[in-house]
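What follows is a single structure, written as structure tokens, with notes after it.
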Amino acid sequence: MARKSGYSKESQKAKRVRAERILIALEAALPHATTELSHRSPYELLVATVLAAQATDKSVNAATPALFKRYPDAFHLAKSEPENIEPFIKTIGLYKAKAKNLSLLGKKLVDEYGGEVPSDLRELIKLPGVGMKTAKVVLGSAFGIPAIAVDTHLTRLASRLALSKETHPDKISHDLESLFPRDKWVFVHHALILHGRYRCTARNPKCEGCPLFVDCASRGAW
DNA sequence: ATCCCGAGGG
DNA sequence: CCCTCTGGAT
């Protein structure tokens, strides 16, 4: 419980230097960090990311091939009803809400965006089932527009690494984006997710041999 | 703040 | 069995 070590009195400048070392370590450990959600277009990434809410991307990837075959673009999705989508995504959590959102999502993409996925944060957020996290994922991974999407992994790691004391994802995102160079935001997002998924897990993190050990505020706490 | 919600890991 | 998973809408 009690934090054995930390950076409670760390200056902003020291934190910035530490963030820089963390970035270097992540680049060395995860040079090819990118999304693990299978997709071939902004449309597919958008749908996959909506499905990924509170679900593992492995379970999403297991379902999307059949889903994308039946609904290859926004125009096909627009003609769907939630009940038609449910069978394709039943194995994913929260499937009823997601089926409803996807059906509405298709209609809105067609009605208001010509069937294309908008490449603007404010527009993306207006879409059903799309919040700040999903919108930023699409911006960064589909359009190459710098953004740090904060999900469960980023929230946990920002805290453990003492890169942010905030609890609200939007504030954590702001802190992280101020700590890392803009052209590294998308990489940092993916690298921290992979680090969180495979090493710095929620339970029983594998601190032994961790590439971020020396710069971690929680080292030794597990 | 609460609800949604299946699958895999420990 | 309990916890967690690239959250969002109400």
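Residue numbers begin at 1 in each chain, while the letters A, B, ... track the order of the sequences. Only heavy atoms go into these numbers, but all of them, side chains included; no hydrogens, no water, no symmetry mates.
Closest non-hydrogen pair, Y7(A) versus A162(A), comes out as CD1-CB, 4.1 Å. Across every non-hydrogen atom of F88(A) and Y71(A), the tightest pair is CE1-CE1, 4.1 Å.
Contacts of L51(A) with the nucleic acid, taken as non-hydrogen atoms under 4.0 Å apart, are absent. A202(A) comes within 4.0 angstrom of sugar-phosphate atoms only, judged by non-hydrogen atoms across all strands, and of no base.
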Q: Evaluate the side chain to side chain contact (heavy atoms under 4.5 Å, CB included) criterion for residues V117(A) and F143(A): first the C-alpha distance (whole Å), next the side-chain angles of each, then the deciding distance (0.1 Å), finally the verdict.
A: CA-CA 10 Å; V117(A) 178; F143(A) 298 116; 4.1 Å; yes
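Among the candidates R182(A), K184(A), K136(A), the single residue satisfying the salt bridge (charged side-chain N to carboxylate O under 4.0 Å, His left out) test with E177(A) is K136(A).
When side chains are defined from C-beta on, M132(A) counts as touching D170(A), because their heavy atoms get closer than 4.5 Å.
Within 6.0 Å of NZ on K96(A) lie no more than 12 heavy atoms contributed by other residues, nucleotides or ligands.
Side-chain contact of S164(A) with K171(A): a donor-acceptor pair under 3.5 Å is absent, judged by distance alone.
The stretch residues 26-47 of chain A comes close to DNA chain C through T35(A), E36(A), L37(A), each having a heavy atom under 4.0 Å from the strand. Proximity of residues 132-142 of chain A to DNA chain C (heavy atom under 4.0 angstrom from any strand atom) is restricted to M132(A), K133(A), T134(A), V137(A).
Residue R156(A) places none of its side-chain N or O atoms closer than 4.0 Å to OP1 or OP2 of dT4(C). Contact between the side-chain N/O atoms of R197(A) and the OP1/OP2 oxygens of dT6(C) is found at a separation under 4.0 Å.
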Polar pairs (N or O, both sides) under 3.5 Å between protein and nucleotides 8-10 of chain B?
| from | atom 1 | to | atom 2 | distance (Å) |
| --- | --- | --- | --- | --- |
| dG9(B) | N2 | R203(A) | NH1 | 3.4 |
| dG9(B) | N2 | R203(A) | NH2 | 2.8 |
| dG10(B) | O3' | N204(A) | ND2 | 3.3 |

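Annotation: dT6(C) and dA1(B) have their C1' atoms spaced 23 Å apart (nearest Å). Nucleotides dC5(B) and dT10(C), compared at atom P, are 14 Å apart to the nearest Å.
When the nucleotides dA9(C), dT6(C), dG6(B) are ranked by their closest atom to the side chain of N101(A), dA9(C) comes out on top.
Taking the nucleotide of DNA chain C with the nearest heavy atom to each of T152(A) and V130(A), the more 5' of the two is matched to T152(A).
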